[in-house]
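Just below is one structure, and these are the notes that go with it.
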There are 4 protein chains.
Amino acid sequence: MAKLSEEQKLARRLQILNAGWRCFDRNGLHATRMDDIIAEAGLSAGAVYSYFKNKDDLVQAALTTSMQGLAQTLRPILDNESPPPPVELLESIAEAIEAFTKRDGFDLKRIALLGWAESQRDPKLKAAMQAFYDAFLGQLAGCVTRWKAAGLFGASTEEAPLARALLALLLGYTVQAAVIGGLSPGILRAGVEFLISQHRASP
Amino acid sequence: MAKLSEEQKLARRLQILNAGWRCFDRNGLHATRMDDIIAEAGLSAGAVYSYFKNKDDLVQAALTTSMQGLAQTLRPILDNESPPPPVELLESIAEAIEAFTKRDGFDLKRIALLGWAESQRDPKLKAAMQAFYDAFLGQLAGCVTRWKAAGLFGASTEEAPLARALLALLLGYTVQAAVIGGLSPGILRAGVEFLISQHRASP
Amino acid sequence: MAKLSEEQKLARRLQILNAGWRCFDRNGLHATRMDDIIAEAGLSAGAVYSYFKNKDDLVQAALTTSMQGLAQTLRPILDNESPPPPVELLESIAEAIEAFTKRDGFDLKRIALLGWAESQRDPKLKAAMQAFYDAFLGQLAGCVTRWKAAGLFGASTEEAPLARALLALLLGYTVQAAVIGGLSPGILRAGVEFLISQHRASP
Amino acid sequence: MAKLSEEQKLARRLQILNAGWRCFDRNGLHATRMDDIIAEAGLSAGAVYSYFKNKDDLVQAALTTSMQGLAQTLRPILDNESPPPPVELLESIAEAIEAFTKRDGFDLKRIALLGWAESQRDPKLKAAMQAFYDAFLGQLAGCVTRWKAAGLFGASTEEAPLARALLALLLGYTVQAAVIGGLSPGILRAGVEFLISQHRASP
DNA sequence: GATGAATGAGTCTTCATTCAT
DNA sequence: AATGAATGAAGACTCATTCAT
């Protein structure tokens with residue numbers, strides 16, 4: 001049989017990854033059997049095992065590929081030299097997340113939940129996850145710095161806690177979208193706008 | 001072995017639940033073997049199985065008991081007739097969560113992550129989870145109503161989106177605490193305070 | 001607690017045996033759990049085990065007691081000095097079997113089937129069964145001898161094969177009654193009468 | 001391991017069935033462990049489970065395959081347009097049963113007893129068994145009809161009861177062969193011949 | 001005597017992975 | 001390169017029996 005080109009290999013790998021995501025979305029990481037993924041991919045066991053060393057390898061790839069893709073998607077928004085105000089930034093990140101995670105037959109937000117759970121017991125995954133979120137926090141902190149420079153926040157505003165709060169909103173958005181449903185970037189934005197609208201004692 | 005009193009049975013059940021929580025915290029829901037829990041509980045297989053029909057039953061109980069306990073813990077805070085302003089409310093809820101979830105040998109926040117993941121594939125659990133969070137959202141919306149009555153928010157403030165945002169902050173707090181670490185109720189509070197401090201165009 | 005009289009003990013034993021028969025009838029020998037019998041008898045585990053050494057002992061007792069009871073029931077019919085002709089004898093034996101085996105909540109004919117199956121793997125039971133059927137065959141052979149003496153059969157008639165055929169009819173009656181249903185002593189009698197009515201070449 | 005042909009699969013299935021029959025013959029349906037069958041078949045657990053869903057499935061197959069095979073074996077004898085007289089028919093059926101059931105390392109007559117017992121608690125098996133015996137009875141009744149047409153029996157002879165009696169003889173033959181031993185088709189034939197030889201009042 | 005909670009060896013079944021063809 | 005049959009270790013659960021109270 002003809003040798004596969006590098007390109008074909010990558011496509012095949014993605015095909016398996018997609019099958020994995022679909023299965024994981026449906027049944028979780030552990031309850032999904034290799035046979036499920038094999039059947040969903042429409043390949044043979046041997047074929048799948050020639051692309052991934054074992055189940056753990058495939059799980060890692062499914063999770064990290066997802067994270068890397070999201071990081072790449074969010075980069076232009078987060079690295080924006082003059083980021084829009086928090087509320088708008090949050091909404092556009094949420095919309096980017098939504099666009100990136102909504103796939104045919106699965107939703108990467110749901111996969112993210114699986115990844116968080118799995119990271120509790122898998123140190124390698126935990127490290128990857130921390131690196132991803134540390135970078136995310138760093139980018140958010142950068143936005144805060146630029147907001148301060150632009151006069152949107154006072155000089156005493158600390159980057160780290162605010163970045164944490166912003167990340168919390170996005171993470172909490174993801175949990176609600178996956179577990180409860182009924183949430184959209186617009187609603188999140190509205191909620192945060194209402195929160196900020198809290199009456200303050202005049203100076 | 002005399003007939004066990006209802007009280008003794010409950011204590012034994014809790015003993016098994018604690019063993020389960022410890023094991024789940026350590027190794028996740030699926031990778032934890034019944035034997036792990038049995039050994040951790042210091043009982044025999046038969047004894048454990050006389051309190052829980054099967055592994056799934058124990059998992060359900062571990063997850064729902066945890067949710068119910070938290071709901072009960074938060075009730076006085078959330079049903080407060082004159083709730084403190086958002087920032088303080090968030091901090092005190094986060095502190096209550098912290099106090100409730102930090103256990104000997106495990107952390108129920110980590111268990112919550114496992115529950116979210118599991119709820120993706122278990123409809124019964126998903127329903128329980130939705131009921132829990134719907135109630136939570138309802139209580140938060142109640143706080144918003146009372147804040148509006150107290151003049152803290154304008155009349156046009158909508159309860160639902162704001163409740164969603166507040167829940168997102170708490171959920172995101174939980175994820176960060178479990179997955180990244182380095183977060184405390186105080187830091188969350190500070191972050192939200194900074195967020196609210198955003199300069200606004202004067203009216 | 002007061003000491004039980006011999007009589008009470010026997011009654012209690014029979015109570016357990018009845019529970020056993022009911023359970024065995026419902027679910028077979030092996031699929032019936034001791035707990036089933038214990039619950040059906042309305043006793044405690046300890047109580048049952050004070051009457052029967054273990055499950056095998058109870059099974060043996062259930063099976064042999066049933067056989068002994070039937071042997072005793074059939075004795076007057078089989079030891080009759082001037083037995084009625086074969087067809088009538090068969091019908092009255094079948095009727096006696098019917099009367100003996102039809103119980104409240106179970107049917108000892110069905111238990112007999114379980115016993116035959118079990119005797120394939122339990123040498124002790126097999127021996128008991130062979131003794132029972134050997135005695136049965138002996139009694140039937142005795143009837144044949146008396147029929148010959150009474151001129152009902154020719155002198156060349158052999159006892160053993162005829163006894164075997166008669167026993168086969170009764171055993172086959174039992175199987176059909178238990179497995180297919182729709183059989184009664186009267187139908188069996190009619191069938192054998194028709195069989196005997198076969199036209200013979202005149203001498 | 002290339003793809004197995006349908007033929008190879010059937011052979012493999014039969015190999016497992018044979019192992020099952022041997023084990024069941026030796027130790028009964030319930031006391032036989034899957035590991036016994038697996039070892040007897042010389043396969044791995046997984047291999048056996050790829051041919052039979054579970055133990056119950058294998059038991060069903062062992063029992064029904066046996067019945068189907070017997071039905072097929074007896075068909076030419078039972079559907080014979082001019083059946084030999086009852087005594088000869090019985091003998092030839094018994095001989096066919098003997099030839100069909102006597103296998104290498106087991107005896108399907110003994111398995112039949114296990115099947116009757118099991119059918120008491122398994123509705124699916126009970127239905128299969130009833131269908132099998134109903135067909136058998138129908139074929140025997142057909143023989144009676146043909147005997148009547150041939151003048152061997154009077155016009156008033158009823159098919160059903162006679163068929164029942166004939167079936168009883170064959171079933172009783174099976175029980176005796178399996179439980180007591182010492183019976184052969186020839187002895188059964190002799191017994192029935194003696195039974196029919198009963199002196200009758202001349203017309 | 002009676003109870004019924006506890007034990008733990010024993011079974012069925014699954015599923016990740018391999019490798020002969 | 002590709003296949004998919006075979007492996008077998010691992011894990012959930014049951015149930016006969018005991019014995020402390």
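Computed from a predicted structure; not experimentally measured. Numbered from 1 within each chain, the chains take letters A, B, ... in sequence-line order.
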Between E:dA5 and B:R12, is there an OP1 or OP2 to side-chain N/O distance shorter than 4.0 Å?
no
Would you be so kind as to tabulate the donor-acceptor pairs closer than 3.5 Å made by side chains of residues 61-69 of chain A, with sequence neighbours excluded?
| unit_1 | atom_1 | unit_2 | atom_2 | d |
| --- | --- | --- | --- | --- |
| A:T64 | OG1 | A:Q60 | O | 2.8 |
| A:T65 | OG1 | A:A61 | O | 2.5 |

Rounded to the nearest Å, what distance is computed from the [atom1] atom of residue [X] to the [atom2] atom of nucleotide [N]?
X	N	atom1	atom2	answer
C:F52	F:dT17	CZ	P	13 Å
B:L43	F:dC13	CG	P	17 Å
D:R13	F:dA5	CZ	C1'	17 Å
B:D36	F:dG11	CG	P	8 Å
D:Q8	F:dT3	CD	P	19 Å
C:L58	F:dT17	CG	C1'	13 Å
C:L29	F:dA16	CG	P	12 Å
C:I37	F:dA16	CD1	P	8 Å

Scan for salt bridge (charged side-chain N to carboxylate O under 4.0 Å, His left out) pairs involving residues 116-127 of chain A, sequence neighbours excluded, and state none if there are none.
A:E118-A:R121
Residue pairs passing the salt bridge (charged side-chain N to carboxylate O under 4.0 Å, His left out) test where at least one lies in residues 46-64 of chain A, sequence neighbours excluded:
none
Any ring pair (Phe, Tyr, Trp, His ring centres under 6.0 Å) involving residues 47-66 of chain D? Give me the pairs, sequence neighbours left out, ordered by first then second residue.
none
Strand DNA chain F in bracket notation, Watson-Crick/G-U under 3.5 Å with | for pairs to another chain:
.||||||||||||||||||||
Whichever of B:G46 and C:G46 has its nearest DNA chain F nucleotide further upstream toward 5'
B:G46
Distances under 3.5 Å between nitrogen or oxygen atoms of protein and nucleotides 11-13 of chain E:
| unit_1 | atom_1 | unit_2 | atom_2 | d |
| --- | --- | --- | --- | --- |
| E:dC12 | OP1 | D:M34 | N | 3.2 |
| E:dC12 | OP1 | D:K55 | NZ | 3.4 |
| E:dC12 | OP2 | D:M34 | N | 2.9 |
| E:dT13 | OP2 | D:Y49 | OH | 2.8 |
| E:dT13 | OP2 | D:K55 | N | 2.8 |

Taking only the side-chain heavy atoms of [X] (C-beta and beyond), determine which of [options] contains the nearest atom.
X	options	value
D:K3	F:dA6, E:dA6, F:dG4	F:dG4
B:Y51	F:dG4, E:dA6, E:dA2	E:dA6
B:S44	F:dA5, F:dT3, E:dT7	E:dT7

Checking A:Q15 now: which residues fulfil side-chain contact (heavy atoms from CB on, under 4.5 Å) with it, not counting sequence neighbours?
A:R12, A:L43
Who are the ring-ring contact (aromatic ring centres under 6.0 Å, His included) partners of D:F106, not counting sequence neighbours?
D:W21
Qualifying residues under side-chain hydrogen bond (donor to acceptor under 3.5 Å, both in side chains), relative to A:R33, sequence neighbours excluded
A:D36
Under a 4.5 Å cut-off applied to non-hydrogen side-chain atoms, are D:L58 and D:V48 in contact?
yes
For residues D:I16 and D:E40, determine if any side-chain heavy atom of one lies less than 4.5 Å from a side-chain heavy atom of the other.
no
